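Since the structure comes first, as structure tokens, the remarks are kept for the end.
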There are 2 protein chains.
Amino acid sequence: MTPTIKDVAAHAGFSIATVSRAINAPHTVNPVTLEKVRQSIDALNFRPSPLGRQLRGERSRLIGVVLPTLANPVFAECLQGIDELASAQGYRLMLMTTQYDAERERHAIETLREQRVEGLILTVADADTHPLLDDLDRDGMLYVLMHNDTVRRPSVSVDNRLAAYDGVRMLIAHGHRRILMLAGTLAASDRARLRHLGYVQAMQQAGLTPAPALEIDFNADELAPSVLNHLTTGPNRPTALFCSNDLLAMVVMRGLRRARFEMPGDMSILGFDGLAMGELLSPPLASVCAPNREIGCAAWRRLIGRLDSMKPADFDDALRAPSLSLTLPHTLREGATIAAISDMAGASPNRNARSFA
Amino acid sequence: MTPTIKDVAAHAGFSIATVSRAINAPHTVNPVTLEKVRQSIDALNFRPSPLGRQLRGERSRLIGVVLPTLANPVFAECLQGIDELASAQGYRLMLMTTQYDAERERHAIETLREQRVEGLILTVADADTHPLLDDLDRDGMLYVLMHNDTVRRPSVSVDNRLAAYDGVRMLIAHGHRRILMLAGTLAASDRARLRHLGYVQAMQQAGLTPAPALEIDFNADELAPSVLNHLTTGPNRPTALFCSNDLLAMVVMRGLRRARFEMPGDMSILGFDGLAMGELLSPPLASVCAPNREIGCAAWRRLIGRLDSMKPADFDDALRAPSLSLTLPHTLREGATIAAISDMAGASPNRNARSFA
DNA sequence: TTGAAAGCGCTAACAG
DNA sequence: CTGTTAGCGCTTTCAA
């Protein structure tokens, strides 16, 4: 079927060794021979199988990428960063998604290891309590986490706690007092916890009372009535929502709009992630922005850096070990979904019935 | 480094053949032996290398995916569909992006073939005039195109001409007469051409004069002043824009908003693609929707179907050949970015100065 | 400059 | 039920 080096050798009238050399060390072979071999290669449309090479102990130049989902552009943005560097450096990417499911995470890592990837870039639900990552450590399998915010493992992320803290402080600076945090169903993730912690700290520092994060079913077409109620009615209804990610913010805004709420007039909204698309919205979505693409690039560099440093000597690696986790700076996109409390139509509790007028 | 079957054999005190059998045909080996081998496997943390297997002529269970970019969620949505089926069926995906660049397309296909993928799923800029696809045909390499709208090659897409036609007819039905089509910089793609053709046909059938597609620089932060001028001023300024994709529609809307245009009051907007995210916008984006996820799934099924049908006999394959390209139904999402002409504030030419008031 | 041959990890005849 | 062995495509000594 696909021609092998043998076919080429036969066609050219030389040995397979010569063909191999013609490919890998052209200068060591007689120009005339070289030319003949090249013609045979073209004639048969031969391409060397990486199998043989890898089998010989060469590097696979294959990196595994494990992401929760591509439905959230956050991960697509990271992947873009990774992909760009990978193709520039001649690496191949093997991609698996997990839908935030622990079993699928396990399976993905397992599968990729079988494929003999040289390293893994992954985003898992919870990095700290993940036995699989311990396995990787034990087996000396190189990996870098993206977005997972932990100091215990090699990772690249923003400081989720601080970022959330800064975001909520901004809301407070705009005069908001009743600020509620909304989280997706995967409230168990390490970053969700840290974001909530940041929220709590910002609230407490301002002398405000933080609330537990309200869980929202991400995929539902409508906001649950009880949730909507919680957001839109009562004397203590929130004036601002801090959403644990941008997609959630968009879903929530749609729900509020259907209830005749306007943003930011009736409710201020702050997201998290800094999706590029958020700037295209109307009004542009305020967000605590992570440099997603750059996170992908940084994860790549760290992985490849460690990969390369394996070769010569390991002490170099040990030197870098202290700074296992890399924290990239976040930014605040103030957007237009945040209003100062004084500008908000629905700020005073007694106007809340408006939404059901 | 990584343990091989030999290590396991040595550890267990059996031959490598027995170990291999223990893995691939457990029932053919003595339970006691089996148990010992299993313990050794666990102890050494052994996983069979796919290299050896593939080398033995086994299937690689590897599929290559080539996409223009992940920055446009259209492709991320397709990839989701593919990924779902792939992981369910035990296949691995190797992903490469091309940024719509012909050279990168070439390189991606080349690379993936070297990796011995069993088949390719790809979206290329222009399917009809693509020598690489001819190579694939010649070499019997299985592939399926996604979104590329051609009858000459195996493909899955919507009927881009008809879909555009239907979309523009809808605009006309809402009373619009001056409808302009906007296209991204890759106006050269097969689908962009077909979409424009559909636009032309719908216009002509209604006795209206179609215009050439106006090219927009997708990535620029602002609309070019000349473009903005074209859209917003003059007695013949358009009342509706048909954008060749949703992302472009969003960029254009942002540009118009900055010029104090409101959608749909001052301008109706129709996109193409049906991004899931479009429904989260305010107002929800009207769009000619392709079932992106389903396109990915269908492409997968066709590829695997043809892969499987290779095994027994090839005439089966010939039977299916007539229906090379699969056309999936499109839908119209009327959204709220389209207003009937009678409801539009800016409909009468003499109101156009409003935008610069 | 070229060829012969060994070996990478594994599976599958074939023998025992 | 288990072991021996050949061979998949390739690179790389080692000889010629």
Side-chain angles (χ1 to χ4, degrees), chain A residues 1-41 44-62 92 111-118 139, chain B residues 1-41 44-62 110-118 139:
Chain A
M1 174 70 212
T2 20
T4 78
I5 199 172
K6 257 187 196 165
D7 301 317
V8 177
H11 185 275
F14 291 93
S15 72
I16 61 168
T18 301
V19 175
S20 177
R21 274 189 293 260
I23 295 168
N24 300 301
H27 54 277
T28 67
V29 31
N30 183 311
V32 184
T33 310
L34 182 59
E35 185 49 28
K36 284 187 190 162
V37 171
R38 286 209 164 132
Q39 294 199 356
S40 297
I41 288 179
L44 299 178
N45 222 273
F46 166 78
R47 10 186 124 252
S49 160
L51 262 57
R53 293 185 171 176
Q54 288 174 225
L55 209 45
R56 288 291 307 165
E58 312 274 303
R59 302 173 50 182
S60 67
R61 293 188 86 78
L62 195 61
R92 262 84 48 185
T111 301
L112 293 171
R113 295 191 66 181
E114 280 182 4
Q115 295 291 318
R116 298 295 192 266
V117 295
E118 290 186 29
D139 302 345
Chain B
M1 174 67 213
T2 22
T4 79
I5 199 172
K6 258 188 195 162
D7 301 318
V8 177
H11 186 276
F14 291 93
S15 72
I16 61 168
T18 299
V19 175
S20 178
R21 275 189 292 261
I23 295 168
N24 301 299
H27 54 278
T28 67
V29 30
N30 183 311
V32 183
T33 310
L34 183 59
E35 186 46 32
K36 284 186 189 161
V37 170
R38 287 210 163 130
Q39 295 200 354
S40 296
I41 288 179
L44 299 178
N45 223 275
F46 165 78
R47 20 191 113 247
S49 161
L51 263 57
R53 293 183 171 179
Q54 287 174 226
L55 209 45
R56 289 286 312 160
E58 313 273 304
R59 301 175 52 182
S60 67
R61 294 187 84 77
L62 197 62
E110 185 88 355
T111 302
L112 293 172
R113 295 191 65 179
E114 279 181 4
Q115 295 291 317
R116 298 294 191 265
V117 295
E118 291 186 29
D139 302 344

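Below, read A as the first sequence line, B as the second, and so on, with proteins coming before strands; counting in each chain starts at 1. Keep in mind the model is a prediction, meaning the values are calculated, not measured.
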Does this structure show an ion pair linking B:R59 with B:E118, if we count only N-O contacts that are shorter than 4.0 Å?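 Yes, this pair counts.
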
Distance, rounded to the nearest Å, where B:E35 contributes CD and D:dC1 contributes P: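 Computing the B:E35:CD to D:dC1:P distance gives 16 Å.
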
D:dG9 P sits how many Å from B:E114 CD, rounded?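 Rounded to whole Å, this separation is 16 Å.
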
Would you say A:T18 places a side-chain N or O within less than 4.0 Å of OP1 or OP2 belonging to C:dG3?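 For A:T18, the contact criterion (side-chain N or O under 4.0 Å from OP1 or OP2 of C:dG3) is met.
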
Can any side-chain N or O of A:E114 pair as donor or acceptor with the backbone N or O of B:S49 at less than 3.5 Å?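 No.
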
Could you walk me through whether A:I41 and A:R47 satisfy the side chain to side chain contact (heavy atoms under 4.5 Å, CB included) test, starting with their C-alpha distance in whole Å, then the side-chain angles of each, then the deciding distance to 0.1 Å, before giving a yes or no? CA-CA 8 Å; A:I41 288 179; A:R47 10 186 124 252; over 6 Å; no

Contact check, side chains of B:T18 and B:S15, non-hydrogen atoms, under 4.5 Å: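 A side-chain contact under 4.5 Å exists here.
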
Residues 6-14 of chain A, side-chain donor-acceptor partners within the protein, below 3.5 Å, at least two apart:
residue	atom	partner	partner atom	Å
A:D7	OD2	A:T4	N	2.7
A:H11	ND1	A:S40	OG	2.7

Can you give one letter per nucleotide of nucleotides 7-16 of chain C, going 5' to 3': B for a protein heavy atom under 4.0 Å from the base, S for sugar-phosphate only, - for none? BBBBBBB---

